[in-house]
Amino acid sequence: MIENKQQIVVGWGLAGTIVSWHLYLKGIPFRVIDSGVNHSSKVAAGLVNPVVFKRLTKSWEADKLIPEAKLFYQTIGKHLGYDLASQIPINRIFGSIEEQNNWSAMIGDGRFGDHTQPAQDFDHPLIDTPFGVGKVTSLGNIDTKKFLEESKGYLIKNGVDFQTEKFDYKVDDSSNYIFCEGAEVTHNPFFNYLPMKPTHGDILTIRSSSLKLHEVVNKNMFVLPLGDDLYKVGATYNWDLQEAIPTAEGKTELIEKLKSFTHFDFEIVSHEAGIRPTVNDRRPLLGQHPKHKNLFIFNGLGTKGVMIAPFYAAQLINFIDKKGELDEAVNIKRHEKHYNA
């Protein structure tokens, strides 16, 4: 049983933080080891979006993931003393009348329930929306950087041992190890067989006193209001670069995309980058090592991490505690052929 061993969470990105909260809420003792290396979670927009805009399909398992995410963030918000979810709507800017018609057809068949609203005008003098927008209402976004920092402070204050150091991968049978390392898993000698490809992304924070935007807009990129005339703009995808460093190419790409449908002056406040843990089949990586039965992994959350993590972190803890099974779609057993090879 889980209480017979110490739990060690390796990594403090979104995955490690949410796993830790589930352990804490269950009263299961644990400690955290984190290298302090840049996490994509710290720069992510943290948007909870049940719609895949490119294909106008529902995000994978959205109907079961979003209710769990909503309950989780409400619960943790009570501990931390602030509302984690912004509840800001996302406005998808249509690029053509065909896209508008497809959205209307999608609304008509009810496949998205109350998560979406019919095509409508978006009257903003500095944003081009000639074909209107489709509005998505969900949980808005989570300020992931604040969430990670506030969670760390809270848990330390409540007795959790937190070590900032690089994990040496020396393990023993007296503990369960839950690896939540994100893109760093490529250096993990136990789980580096998994088909996870790090993906670089640039993101900008800009300031504009003229924009006065209060909802997210999306047109092949997002513009997320942060308050105080600040906006987060992103993001790029680069499958070749493996370091979490901002790039001039990424910055140029984001500025050009932004200027293609907006008309306002802005200054760049910060330019950041992160490395996303991207899985080839676009499903998370959860499970138990094929040989070392006290080693577990929670990784590969990708761009939908804030929506995916609460449900599957709970499922993983129940699995470790022998109180439930893992969904086949996320279980790393699906990649066991890579380990055997």
Side-chain angles (χ1 to χ4, degrees), residues 9 11-28 30 32 34 36 38-50 62 65-91 115 136-162 164 180 182 203-207 211-217 222-235 269-270 272 274 298 301 303-314 317:
V9 178
W12 194 252
L14 189 69
T17 303
I18 293 180
V19 161
S20 295
W21 270 113
H22 279 291
L23 290 169
Y24 177 79
L25 294 174
K26 285 178 173 289
I28 300 169
F30 67 98
V32 178
D34 178 59
N38 181 282
H39 298 287
S40 60
S41 302
K42 292 179 181 178
V43 301
L47 290 167
V48 180
N49 182 6
L65 297 177
I66 288 181
E68 184 73 18
K70 181 178 181 180
L71 177 61
F72 174 81
Y73 294 122
Q74 286 176 341
T75 300
I76 304 310
K78 292 176 181 178
H79 285 271
L80 296 180
Y82 73 97
D83 293 329
L84 271 67
S86 70
Q87 309 296 331
I88 297 176
I90 303 171
N91 295 275
H115 291 309
V136 178
T137 53
S138 182
L139 301 183
N141 82 297
I142 308 297
D143 184 335
T144 51
K145 183 178 181 180
K146 181 179 179 180
F147 172 53
L148 267 60
E149 292 174 349
E150 295 285 333
S151 296
K152 179 179 177 180
Y154 180 95
L155 294 174
I156 289 175
K157 187 181 295 185
N158 285 273
V160 174
D161 180 17
F162 197 106
T164 303
C180 307
I203 196 163
L204 301 177
T205 299
I206 63 173
R207 177 181 286 113
L211 183 56
K212 305 304 180 187
L213 181 66
H214 304 293
E215 298 182 354
V216 179
V217 293
F222 64 80
V223 181
L224 168 67
L226 301 176
D228 297 324
D229 291 332
L230 294 173
Y231 302 88
K232 186 166 282 191
V233 176
V269 176
S270 67
E272 301 170 287
F298 185 44
L301 300 179
T303 58
K304 301 284 187 179
V306 291
M307 183 171 71
I308 293 172
F311 180 92
Y312 279 111
I317 299 305

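Index from 1, following the sequence. The figures that follow rest on heavy atoms only: side chains count, while hydrogens, waters and symmetry mates do not.
Here the shortest heavy-atom pairing between Val19 and Cys180 reads CG2-SG, 4.1 Å. Considering all non-hydrogen atoms of both residues, Ile88 and Pro225 come closest at CD1-O, 4.2 Å. Of all the heavy atoms in Gln87 and Ser138, the pair that sits closest is OE1-O, 3.4 Å. In plain terms, the two heavy atoms of Gly46 and Val306 that are nearest each other are O-CG2, 3.4 Å. For the residue pair Ala313 and Phe298, the shortest heavy atom distance occurs at N-CZ, 3.6 Å. Summarising the geometry of Ile317 relative to Lys26, their closest heavy-atom pair is CG2-CD, 3.8 Å, with the distance given to 0.1 Å.
Here the OG1 atom belonging to Thr17 is positioned 11.5 Å from the NE2 atom belonging to His22, to the nearest 0.5 angstrom. Atom OG of Ser20 and atom CG of Leu25 lie 10.5 Å apart (nearest 0.5 Å). The distance from the CG atom of Leu71 to the CD1 atom of Ile76 is 9.5 Å, given to the nearest 0.5 Å. To the nearest 0.5 angstrom, Thr164 atom OG1 is 4.0 Å from Lys152 atom NZ. To the nearest 0.5 Å, atom CE of residue Met307 and atom CD1 of residue Ile142 are 12.0 Å apart. The distance from atom CG of Leu148 to atom CG of Leu14, rounded to the nearest 0.5 Å, is 6.5 Å.
Here the options are Val136, Leu139, Leu65, the test is side-chain contact (heavy atoms from CB on, under 4.5 Å), and the partner is Val48; only Leu139 passes. With Phe222 as the partner, the side-chain contact (heavy atoms from CB on, under 4.5 Å) test is satisfied by one option alone out of Ile90, Ile203, Val233, Asn91: Ile203.
Counting heavy atoms from C-beta outward, Ile18 and Tyr73 have side chains that approach closer than 4.5 Å. Residues Tyr24 and Phe30 are in side-chain contact: their nearest non-hydrogen atoms beyond the backbone lie under 4.5 Å apart. No side-chain heavy atom of Asn141 sits less than 4.5 Å from a side-chain heavy atom of Lys232. The side-chain heavy atoms of Lys212 and Asp229, taken from C-beta on, include a pair separated by under 4.5 Å. The side-chain heavy atoms of Leu84 and Tyr82, taken from C-beta on, include a pair separated by under 4.5 Å. The shortest side-chain heavy-atom distance between His115 and Ile66 falls under the 4.5 Å cut-off. Side-chain contact between Leu224 and Leu47 is present, with heavy atoms from C-beta onward closer than 4.5 Å. Counting heavy atoms from C-beta outward, Tyr154 and Val160 have side chains that stay 4.5 Å or more apart.
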Could you walk me through whether Asp143 and Lys145 pass the side-chain contact (heavy atoms from CB on, under 4.5 Å) check? CA-CA 6 Å; Asp143 184 335; Lys145 183 178 181 180; 4.0 Å; yes
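For Thr144 (side chain) and Ser41 (main-chain N/O), a donor-acceptor pair under 3.5 Å exists by modelled atom type.
Counted within 6.0 Å of CG on Asp83, heavy atoms from surrounding residues, nucleotides or ligands total 12 or fewer; the atom is thus considered open.
Taking the six-membered ring for Trp and the full ring otherwise, Trp12 and Phe162 have centroids separated by under 6.0 Å.
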